[in-house]
**Student:** 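Dumping the structure here so I can ask a few things about it.
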Amino acid sequence: MQRYSGFGLVKHAFGHHENWERQWRNPEPKKQYDVIIVGGGGHGLATAYYLAKEFGVRNVAVVEKGWLGGGNTARNTTIVRSNYLWDEAGRLYNHSLDLWKGLSQDLNYNVMFSQRGVLNLGHTLQDMRDIQRRVNANRLNGIDSEVVTPQQVKEIEPELDISNRARYPIMGASWQKSAGVARHDAVAWGFARGADSHGVDLLQNTEVTGFKIRDGKVLGVHTNRGDIEAHTVGCVAAGNSGVLAKMAGIKLPLESHPLQALVSEPLKPILNTVTMSNHVHGYVSQSDKGDLVIGAGIDGYLGYGQRGSYPTIEHTLQAIVEMFPMFSRVRMNRQWGGIVDTCPDACPILSKTKVKGLYFNCGWGTGGFKATPGSGHVFAASLAKGEMHPIAAPFSIDRFHTGALIDEHGAAGVAH
Amino acid sequence: MFYIFCPYCKEHREEEEFHPRGQAHLLRPEDPENTSDEEWGDYLFFRDNPRGIHHEMWVHSVGCRKFFNITRNTVTYEILETYPMGEQPTITADSPEIRHEQGAQVADGGWQTVGARPENKALNEETSS
């Protein structure tokens, strides 16, 4: 793998930047691998990267029906944070945040991780009690988080309307300084390049059409490019997890919904941080390019159409204008929808299944992007050892039968 | 924007008058005392999540406030029928006219007209008296 550096940039300038190496190969599928990852999004690529790099499993294939990072990785609002309420979720997301901090160096790829902080606004007494409770829980888990007053909110984000004239006046917020945003495509490409350099075969345009299962053990997958064998298969297919599970004869407690986001025309720098509000139900940050990146809730009904509905857009923009009245005249450039696989307790599933050797990593719902490195890391550890990593273990499918749910609806930033 | 036929009001109304309430035809275990954790978990949390034909419950929340069911394609978003609570769907994933188009992927190029087509009799046969 060609390493990227300032020197390399200067060197290639003399060749008019025509001699850069391709970032990853485009190999033919082999007959057999040690591990197959189904799904070449951020989480799948991260899993493959850590499998090869940290756990020494190099005979790995990532099977992707479209192109790498072309699903939800390319369709999100890039927010990274770890201020979750429950210990299990706090550990998982904070593990991820720790990896984000060194990710650009680790991958030798600039993922543009920017720790500009995240504000979660409170507009009612109950909001403030919830915020205080979550901040306390965060601090007990070693996650940096604090409760701030409306005046402090104004210092952090001067354009917010903290007046009493607002329909839902801001009463305070939780503030996680170490949170921020990262460049979503770069995350997928960085992990892809890293995985490829450690020998992982990235198989694009390869769609899984079924599983080879005998005596309750997985033996491989059927694809449109032929059968591929492996005794360990990890499915990381976000919105399509339910469809895959059905092929393997497994039921998952998931519902797939469109979650949409919008970006505005580019503006001069105006926002310092990421602002979220559970109550008026919207969140906004500003990309390095200048556009406002806006999101809110899912469409209430099940859907696989990557677009979303008009009423949700209207609701989202009402929330943004409630927080930032000055944005009322900003034009929106584009809107898109991703398919999120929502779980009944708003927490993901990282789990073995009743089919031996078949694992699922899914159910991230509306908050998967932030978890990309952490999810990949603990899932890779689980696949390599055949035993769920201690951070991943509480997220087993069993919890929907034992009742040990991890109810994170309140910490999802926006209520879904 | 969906344009939904309420089987009680007997009118097409816009999506914003309604609220989706999840999968239809779920049956609560009949004998709670002798229901295993497995069965309770399945009833409470496990849902069909098909690419294609789905039966779901909606409520006409700012209209007649009654619940009813919709058969809808989750990929094309086409509403195939609406019917009152207690009735069974006439169109299912196994219907012969549906089977051939199952799993059909719709191009993402732009917005489509979605919702029940009032001019198509077959869609609202029972309700468009």
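Residue numbers start from 1 in every chain, and the chains themselves are labelled A, B, ... in the order their sequence lines are given, proteins ahead of strands. Scope of the values below: all heavy atoms of this structure, side chains included, with no hydrogens, waters or symmetry mates.
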**Student:** Does B/R13 count as lying over the ring of B/F18, i.e. NZ or CZ under 6.0 Å from the six-ring centre, within 45 degrees of the axis?
**Tutor:**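 Output no; distance or angle outside limits.
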
**Student:** Can you pull out the residues in residues 25-39 of chain B with any heavy atom less than 4.5 Å from chain A?
**Tutor:**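 B/D37, B/E38 fall under the 4.5 Å cut-off.
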
**Student:** At a heavy-atom distance under 4.5 Å, which candidate from A/C343, A/G242, A/P344 has the highest pair count against chain B?
**Tutor:**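 Greatest number of close heavy-atom pairs with chain B: A/P344.
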
**Student:** Give the ring-plane orientation class for A/H401 versus B/F46, where under 30° counts as parallel, over 60° as perpendicular and anything between as tilted.
**Tutor:**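 Answer is parallel, since the angle falls under 30°.
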
**Student:** For A/Y359, does the six-membered ring have the charged nitrogen or CZ of A/K352 within the cation-pi criterion, i.e. under 6.0 angstrom from the centroid and within 45° of the normal?
**Tutor:**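 Negative - A/K352 is either too far from the ring of A/Y359 or too far off its axis.
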
**Student:** Where on A/I339 is there a heavy atom nearer than 4.5 Å to chain B: the side chain, the backbone, both, or neither?
**Tutor:**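 For A/I339, there is no contact with chain B at all, as no heavy atom is under 4.5 Å.
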
**Student:** Which value, rounded to the nearest 0.5 Å, describes the distance between A/S241 atom OG and A/F360 atom CZ?
**Tutor:**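 CZ of A/F360 is found 6.0 Å from OG of A/S241.
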
**Student:** Salt bridge between B/R72 and B/E78, side-chain N to carboxylate O under 4.0 Å?
**Tutor:**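 No salt bridge links B/R72 with B/E78.
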
**Student:** What part of A/D341 is in contact with chain B, defined as an atom under 4.5 angstrom from a non-hydrogen atom: side chain, backbone, both or neither?
**Tutor:**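 Contact with chain B: none, neither part.
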
**Student:** Any idea which heavy atoms bring A/N76 and A/W336 closest together, and the distance?
**Tutor:**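 Between these two residues, the closest heavy atoms are O-CZ2, 3.6 Å.
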
**Student:** Near B/E14 CD, under 6.0 Å, is it more than 12 heavy atoms from other residues, nucleotides or ligands?
**Tutor:**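 Not buried by this count: 12 neighbours or fewer within 6.0 Å.
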
